[in-house]
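Below is one structure, written out as structure tokens, with a few remarks after it.
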Amino acid sequence: MIRFGLCCMFREQPITFRTTTATAIARMKRADGLAKLAGLCLANADALLASLQFCAEQGIGCFRINSQVLPLKTHPDCGYAVDDLPEGDEIIRRFKKCKRLAKRHSLRTSFHPDQFVVLNSPRPDVVEKSIAELEYQAEVAEWVGADVVNLHGGGGYGDKQKALGEFARNLRRLSRRARSRLTVENDDRTYTPADLLPYCRAEGIPLVYDVHHHRCHRDGLTEDETTAQAVATWNREPLFHISSPIEGWKGRAPQRHHDFIDVRDFPDCWRDLDLTVEVEAKAKEVAVLKLKRELDEARRDARARMWFVYMLRCADGSLYTGIAKDVNRRCQRHNAGTASRYTRSRLPVRVAYQEVQATHGLALKREAAIKAMSRQQKELLIGQTPAD
């Protein structure tokens, strides 16, 4: 089952997350600034609760939480610990209320730190700030039950393997709380899935596969291969990203995201997976619901075209091959003596084998191929794939 994810904010719903600037807080006395920040944190906890309630009502299974849900939390001058804030305990209580709602509705939550969070930067100050930001987001993630804090690989700095080694070294500086939630994502300019997958396997870090980025920045792996290898890096439900280019794939800048997702951009190999897919589209909840509706329609259309090839084992031991839209109903008609002259004198029959074909024409071709098999070949086929 696909669980669709909404990223951070809304286009049409009256749900907003509040923030402020360091300049505004710096003008205030420290106590006044902390009081203002506490009010913003409380308001954002309430907005998150409303966001999760909306997702539950609309069948959206995941919500990505804004990195600034606690505004200026790690700012070098205006930053704070939650214990410093008036009503700090109440702030935590309200975020934990979000966790209970998410659990009740089987919703998933995630974080995706901003671009300035770079674990493999050659600048020590950037690394220190990045670690502080990851620890803050992991703290809130623990309150709300989020299991993903997703990060890009960072810069290549002229030697991608060395840069990934630096990423791994700094990874070990994270707390268990942060480390257990950290994931890494391929990007559209530096790190491809082929670059990251060996590292993910070695370090036990799940890969968030962004198929749009992969299409912009190719490697030797197909989408099917990458999907299978990325899924294998997860010890929980995998989380991937989908987006579409604003000017199409032949446009000047295919990296730029469209307001909506072209349903043709959704990989076929994802459709039958148990998977969270965060929808990175500017139309936000409108885009998520549109994609969800279009994929449901495509699934219904495919099901309507679907045919089954089946074999029945008759009372005399012989095998009968046919096609049907509904094998169980067709078997009932056989046993009622209204489906085939051959089976009418060999009742009762039971389903020994069935397989699905995408169209009526393919089903007819497969039926002819099975009928041409020897009895031994048919029995081998039945043995390989038991009937449902």
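Just so you know, these numbers come straight off a predicted model, no measurement behind them.
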Should V279 and I60 be marked as a side chain to side chain contact (heavy atoms under 4.5 Å, CB included) after you check the CA-CA gap, both sets of side-chain angles, and the distance that decides it? CA-CA 10 Å; V279 178; I60 296 172; over 6 Å; no

Going hydrophobic residue to hydrophobic residue with side-chain gaps under 4.5 angstrom, can you get from I92 over to V69? yes

Look up atom NE2 in H258 and atom NE2 in H212, then write down how far apart they are to the nearest 0.5 Å. 11.0 Å

Flag yes if more than 12 heavy atoms outside R341 fall under 6.0 Å of its CZ atom; otherwise flag no. no

Distance from E278 atom CD to L239 atom CG, nearest 0.5 Å? 4.5 Å

Test side chain to side chain contact (heavy atoms under 4.5 Å, CB included) on F266 and R271; report intermediate values, then the result. CA-CA 8 Å; F266 198 92; R271 296 187 186 220; 4.0 Å; yes

Taking the side chain as every heavy atom from C-beta outward, state whether E133 and F111 have any pair of such atoms under 4.5 Å apart. no

Does K96 have more than 12 heavy atoms from other residues, nucleotides or ligands lying within 6.0 Å of its NZ? no

Is a side-chain N or O of D316 found less than 3.5 angstrom from the main chain of R346, in a donor-acceptor match? no

For Y191 versus G154, what's the shortest heavy-atom pair and its separation? CE1-O, 3.2 Å

Given side chains that start at C-beta, do those of N186 and H217 come closer than 4.5 Å, heavy atoms only? no

State, to 0.1 Å, how close A163 and G155 come at their nearest heavy-atom pair, and which atoms those are. CB-O, 3.4 Å

Can you tell me how far apart CG (D147) and OG1 (T109) are? Round to the nearest 0.5 Å. 7.0 Å

Of all heavy-atom pairs between D84 and L34, which one has the smallest distance, and what is that distance? O-CD1, 3.7 Å

Shortest non-hydrogen pair, L72 vs Q68, comes out as N-OE1, 3.1 Å

Under 3.5 Å: donor-acceptor pair, side chain of R344, backbone of G337: yes

Minimum side-chain heavy-atom gap V148-W234 below 4.5 Å: yes

Using a 3.5 Å distance criterion without hydrogens, assess whether the side chain of Y310 forms a donor-acceptor pair with backbone atoms of A352. no

Output yes when a side-chain donor or acceptor of T233 lies under 3.5 Å from a complementary backbone atom of L207, and no otherwise. yes

Taking C-beta and beyond as the side chain, do R256 and E247 meet within less than 4.5 Å on heavy atoms? yes

Do R313 and E379 sit within salt-bridge range, that is, some charged N less than 4.0 Å from a carboxylate O? yes

Hydrophobic clusters here meaning ILVMFWY residues chained together by side-chain heavy-atom distances under 4.5 Å, can you tell me if F116 and L151 are in one? yes

Are V263 and W249 linked, directly or through other ILVMFWY residues, by side chains that come within less than 4.5 angstrom of each other? no

Under 3.5 Å side-chain donor-acceptor pair for H214 and Y209: yes

Establish whether W307 and L364 are linked, either directly or via other cluster members, by ILVMFWY side-chain heavy-atom contacts under 4.5 Å. yes

If we ignore hydrogens and angles and just use 3.5 Å, is the side chain of R215 paired with the main-chain N or O of P254 as donor and acceptor? no

Heavy atoms of other groups near E57 CD, more than 12 under 6.0 Å: yes

Looking only at atom types and distance, does a side-chain atom of S130 sit under 3.5 Å from a main-chain N or O of V118, one as donor and one as acceptor? yes

If we count only N and O atoms by modelled type, under 3.5 Å, do the side chains of Q137 and R181 hold a donor and an acceptor together? no

Are more than 12 heavy atoms from other residues, nucleotides or ligands located less than 6.0 Å from atom CG of D89? no

Counting heavy atoms not belonging to R236, are there more than 12 under 6.0 Å from its CZ? yes

Crowded around D272 CG? As in, over 12 foreign heavy atoms under 6.0 Å? no

Apply side chain to side chain contact (heavy atoms under 4.5 Å, CB included) to residues R293 and E297 and explain how you reach the verdict. CA-CA 6 Å; R293 185 172 60 253; E297 290 171 355; 3.7 Å; yes

Examine H241 together with H213 and report whether their ring centres are nearer than 6.0 Å. no

I'd like to know if the side chain of N120 and the backbone of G153 have a donor-acceptor N/O pair within less than 3.5 Å. yes

Please determine whether the number of non-hydrogen atoms from other residues, nucleotides or ligands lying under 6.0 Å from atom CZ of R18 exceeds 12. no

Ring geometry between Y320 and H334 (parallel below 30°, tilted from 30 to 60°, perpendicular above 60°): perpendicular

Under 6.0 Å from the six-membered ring centre of F260 and within 45° of its axis: does the NZ or CZ of K290 meet both? yes

Side-chain donor-acceptor pair present, D195, T192, cut-off under 3.5 Å: yes

Rounded to the nearest 0.5 Å, how far does NZ of K284 lie from SG of C8? 5.5 Å

Quick one: does any side-chain atom of T321 pair with a main-chain N or O of E367 as donor and acceptor, under 3.5 Å? no

Does the separation of the ring centres of F167 and Y199 fall below 6.0 angstrom? yes

To the nearest 0.5 Å, how far apart are OG1 in T338 and CD in Q332? 10.0 Å

Using 0.5 Å steps for rounding, measure from the CG atom of L37 to the OH atom of Y80. 5.0 Å

Will you find, in the side chains of E185 and H112, an N or O donor that is under 3.5 Å from an N or O acceptor? yes

Take R94 and E90 through the test salt bridge (charged side-chain N to carboxylate O under 4.0 Å, His left out) and record every step on the way to the result. CA-CA 6 Å; R94 291 197 195 179; E90 176 63 14; 2.8 Å; yes

Would you call K73 and E135 a salt bridge, using N to O less than 4.0 angstrom? no

Check G156 against T190 and note the closest heavy-atom contact, atom names and distance. N-CG2, 3.7 Å

Would a single hydrophobic cluster contain both L291 and M9, if residues Ile, Leu, Val, Met, Phe, Trp and Tyr are joined by side-chain heavy-atom contacts under 4.5 Å? no

Side-chain donor or acceptor of D188 paired with backbone N/O of C216 under 3.5 Å: no

Examine the side chains of T222 and D224 and answer whether a donor and an acceptor come within less than 3.5 Å of each other. no

Is there a side-chain contact between Q357 and F308 (heavy atoms, below 4.5 Å)? no

The test is side chain to side chain contact (heavy atoms under 4.5 Å, CB included); show your working for L171 and R179 and say whether it passes. CA-CA 7 Å; L171 184 70; R179 174 70 175 75; 3.4 Å; yes

If we only count heavy atoms from C-beta on, is the P206 to C200 side-chain gap below 4.5 Å? no

Does any part of the side chain of V140, heavy atoms only, come nearer than 4.5 Å to the side chain of I65, both counted from C-beta? no

Does a side-chain N-to-carboxylate-O contact under 4.0 Å join D187 and R189? no

Any chance NZ of K378 has more than 12 other-residue heavy atoms, nucleotides or ligands included, within less than 6.0 Å? yes

Using side-chain heavy atoms (C-beta onward) and a distance below 4.5 Å, is L312 in contact with C331? yes

N/O donor-acceptor pair under 3.5 Å between E237 side chain and D274 backbone: no

I'd like to know if R173 and E128 make a salt bridge, using a cut-off of under 4.0 Å between side-chain N and carboxylate O. yes

